[in-house]
Protein chains: 2
Amino acid sequence: MNSSVLATVLALVVAAGFPLAAYSQAKPDTLVKQRQSAMVLQGKYFGPLAGMAQGKVPYDQAVVVRNAGYLDVLNRMPWDGFTPVTKDEKTRALPAVFTDTAKFTEAQNQFQAEVTKLVAVSKSGDEASVKAQIGAVGKSCAACHDNFRQKQ
Amino acid sequence: MNSSVLATVLALVVAAGFPLAAYSQAKPDTLVKQRQSAMVLQGKYFGPLAGMAQGKVPYDQAVVVRNAGYLDVLNRMPWDGFTPVTKDEKTRALPAVFTDTAKFTEAQNQFQAEVTKLVAVSKSGDEASVKAQIGAVGKSCAACHDNFRQKQ
C-alpha cells in the first residue's frame with residue numbers, strides 16, 4: 001500500500017488501543033498485568049481439565065485436545081513478565097522468583113514439559129492416561145506455586 | 001495410577017489454584033477477567049508488530065512469526081466471555097455487544113481472518129507485505145473497538 005494509506009491504517013492501529021507503551025519498554029505494572037493475564041487464561045483452560053480428571057465434569061476429549069493446545073501456547077507467555085523491575089509491585093510473586101531464578105526456570109520447564117506430554121497424550125484418546133497426565137500438569141502448577149507464589 | 005495417587009495429585013490440582021469455580025459455571029466477574037486477559041495478551045503480542053509497521057521498532061521477522069502464531073491462538077479466547085450474564089459488569093463493552101451479536105460475531109470473524117492472513121504472510125519474509133498485513137490486523141481491531149468498546 002502507499003504511504004498515505006499506511007499512515008491511515010497505522011493511525012487506526014494506535015486508535016485500536018496499542019499505544020507506544022505497548023511496544024516500547026513495558027512498565028512494571030504492564031508486565032504484571034500481562035503475566036497475570038497469562039495465568040488467568042491458563043486457569044480458564046486448565047480448570048475444566050482438572051474437573052474432568054476429578055470426575056466432576058464429564059470427560060470430553062475434544063475439549064481436552066483443544067485446551068491442551070491452548071495451554072501449550074499460553075505456557076510460553078507469563079515468564080518474561082517476571083523481570084526484576086517488577087519486584088516492588090504488589091503481587092503474590094515471592095522474592096524467590098527474583099533470587100532463585102535457576103529453580104524458577106526449572107519449574108517453568110517442568111510445567112512446559114508436562115503440558116507437552118498432555119498435548120501428545122490427549123490425542124491418543126486413552127481416557128485414563130489423559131486424566132493421569134492432567135494430574136501431572138496440575139502437580140507441576142502446584143510445585144511452582146508452592147515455591148514462588150504467596151499463599152492466600 | 002491407582003486411586004490414592006490420583007487423590008493426592010488431584011488435591012494438588014486444587015491447591016494449584018483451580019477451584020471449583022474454574023470449571024463449573026463461571027461467574028460474570030470471572031468471565032470478564034478472562035476475556036480482558038485475552039485482550040491484554042493480544043495487546044502484548046500485537047503491540048510490537050504495530051511498532052514495526054510504523055518503523056518505531058526494528059523489523060524482526062522471527063518476532064512477527066512468533067507473535068502472529070500467538071495471536072492466532074489468542075484470538076479464539078475472548079469471545080465466549082461476552083455472554084449476557086456479564087452485561088451489568090463494569091467494563092468498556094458497549095450494549096451493542098449483547099444486542100447486535102451478528103455484527104459482533106462478524107467483527108470477530110474479520111479479525112480472525114486478518115490474523116490468519118498475517119500468519120501466512122509472516123512466513124513469506126516479504127517485509128512490505130507483512131507490514132501491510134499488520135496494518136490490516138490493526139484495522140480490524142479498531143473496527144471492532146469503534147463499534148463495541150466505549151471510548152476512554
Side-chain angles (χ1 to χ4, degrees), chain A residues 1 5-6 8-10 12-24 26 30 33-34 36-41 43-54 56-57 66 69-70 72-74 76-77 81 128 131-132 134-146 149 152, chain B residues 1 5-6 8-24 26 30 33-34 36-41 43-54 56-57 69-70 72-74 76-77 81 128 131-132 134-146 149 152:
Chain A
M1 57 189 159
V5 174
L6 185 63
T8 306
V9 166
L10 292 175
L12 285 165
V13 169
V14 173
F18 303 104
L20 268 173
Y23 44 86
S24 57
T30 302
K33 200 172 167 187
Q34 290 171 340
Q36 288 178 341
S37 293
M39 294 296 181
V40 164
L41 290 174
K44 176 181 178 187
Y45 294 106
F46 185 67
L49 306 192
M52 290 179 203
Q54 290 173 294
K56 292 183 176 167
V57 174
R66 186 199 66 173
Y70 285 178
D72 197 31
V73 176
L74 290 169
R76 299 159 205 269
M77 297 185 180
K131 287 182 174 178
I134 290 169
V137 171
K139 201 171 170 178
S140 71
C141 298
C144 193
H145 290 167
D146 282 350
R149 189 178 70 165
Q152 262 175 330
Chain B
M1 56 190 161
V5 174
L6 185 64
T8 306
V9 167
L10 293 175
L12 285 165
V13 169
V14 173
F18 302 103
L20 267 172
Y23 45 87
S24 58
T30 301
K33 200 173 166 186
Q34 290 171 340
Q36 288 177 341
S37 293
M39 294 297 183
V40 165
L41 289 175
K44 176 181 179 187
Y45 294 106
F46 185 67
L49 307 192
M52 290 179 204
Q54 290 174 294
K56 292 183 177 168
V57 174
Y70 285 178
D72 197 31
V73 176
L74 290 169
R76 300 158 204 269
M77 298 184 179
K131 287 182 174 179
I134 290 170
V137 172
K139 201 172 169 177
S140 71
C141 298
C144 193
H145 290 167
D146 281 351
R149 189 177 70 165
Q152 263 176 330

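Just so it is clear: chains get the letters A, B, ... in the order the sequence lines come, proteins before strands, and each one is counted from 1. Bear in mind that the values here come from a model prediction, so they are computed numbers and not experimental data.
The shortest non-hydrogen separation linking B:Q34 to A:K44 is NE2-CB, 3.4 Å.
Distance OG/B:S37 to CE/A:M39: 11.5 Å, rounded to 0.5 Å.
The salt bridge (charged side-chain N to carboxylate O under 4.0 Å, His left out) test applied to B:R76 returns B:D72, not counting sequence neighbours.
Of the listed residues B:M77, B:Q36, B:K33, B:Q152, the one with more heavy-atom pairs under 4.5 angstrom with chain A than any other is B:M77.
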